[in-house]
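Take a look at the structure set out below.
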Amino acid sequence: MISVMVVDDHPIWRDGVARDLGENGFDVRATAPDATAAVRIATAVRPDVVLMDMNLAGTSGVDATREITTNLPDTRVLVLSASGEHSDVLEAVKAGASGYLVKSASVQELVEAVRRTAEGDPVFTPGLAGLVLGEYRRMAEAPGEAVPRLSERETDVLRLVAKGLTARQIAERLVLSHRTVENHVQSTLRKLQLHNRVELARYAIEHGLDKD
């Protein structure tokens, strides 16, 4: 069972999300009303996924996300925010969030997003991933940095990982077996010295490898 924690400063919303997740088979270990409590409680209960609002009293959700992902490497943060501004999305990703979902999402979309986040997939509300990719391209960090050599197929898979597709979706898109896609992902992780799909997606975003 996937364990979760819900962080939001609006009690009715916070309790409603916790109830919806509990009714859909998740282990809701805790809730928190602000960023300071979120960091403290997450450290104690160590959930698989933290659902984090960005606009919190006191310390921001961005700071809490950064602290949680730094101190709890096995815990992933999925932002659930009313804001769809791409600057907010970018800040969340830079802080270590695995994905970003706007609060207009349906319960089923939320359930699927939490499950995918727990599995290590980057998850974004449709349309937001493209904004993040474009922003990272414009940042053009370290233009002289050498990029490890990837095969053409590994690059194809990496681009689709960055866009938030699951291994099965990538397999369908590229007409490959699920096992072949997983082999490409593992090979790419080794070459880039990364640990999971979230880090892989972040690498692709930073280096503009999402271009078609």
Testing V89, L101, V102 one by one against F124 for a side-chain contact (heavy atoms from CB on, under 4.5 Å), which residue passes?
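That would be V89; it is the only one of V89, L101, V102 passing the side-chain contact (heavy atoms from CB on, under 4.5 Å) with F124.
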Apply the side-chain contact (heavy atoms from CB on, under 4.5 Å) test between L51 and each candidate in V7, V114, T117; give the one that qualifies.
V114
Residues K103 and D53 bridged, charged N to O under 4.0 Å
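Between D53 and K103 there is a salt bridge, with a charged N closer than 4.0 Å to a carboxylate O.
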Atom [atom1] in [X], atom [atom2] in [Y]: separation rounded to 0.5 Å?
X    : Y    : atom1 : atom2 : value
Q169 : H178 : CD    : NE2   : 10.5 Å
E172 : T166 : CD    : OG1   : 7.5 Å
L176 : N183 : CG    : CG    : 10.5 Å
D9   : D34  : CG    : CG    : 8.5 Å
L21  : T31  : CG    : OG1   : 11.5 Å
S98  : M52  : OG    : CE    : 11.5 Å

Look at the side chain of [X] and the backbone N and O of [Y], then say whether any donor-acceptor pair between them is shorter than 3.5 Å.
X   : Y    : value
D48 : S3   : yes
R76 : V49  : no
T75 : P47  : yes
S81 : Y100 : no
R14 : D8   : yes

Pairwise side-chain contact, [X] with [Y], heavy-atom cut-off 4.5 Å (strictly under):
X    : Y    : answer
R29  : M5   : no
L174 : L160 : yes
R46  : D74  : no
W13  : V6   : no
L110 : N24  : no

So D156 and R173, side chain to side chain contact (heavy atoms under 4.5 Å, CB included) or not? Walk me through it.
CA-CA 10 Å; D156 290 339; R173 179 77 63 88; over 6 Å; no
What residue among T69, D63, T70 forms side chain to side chain donor-acceptor pair (under 3.5 Å) with R66?
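So the option named by the test is D63.
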Please check if atom NE2 in H10 has more than 12 non-hydrogen atoms from other residues, nucleotides or ligands closer than 6.0 Å.
no
Applying a strict under-4.5 Å side-chain criterion to I, L, V, M, F, W and Y, I'd like to know whether V123 and I68 cluster together.
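In one cluster with V123: I68, no.
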Would you check, one step at a time, whether the test side chain to side chain contact (heavy atoms under 4.5 Å, CB included) holds for V79 with M54?
CA-CA 7 Å; V79 172; M54 287 287 96; 3.6 Å; yes
Check A30 against I41 and note the closest heavy-atom contact, atom names and distance.
CB-CG2, 3.5 Å
Identify the heavy atoms of A35 and L56 that sit nearest to each other, and give their distance.
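Result for this residue pair: N-CD1, 3.8 Å.
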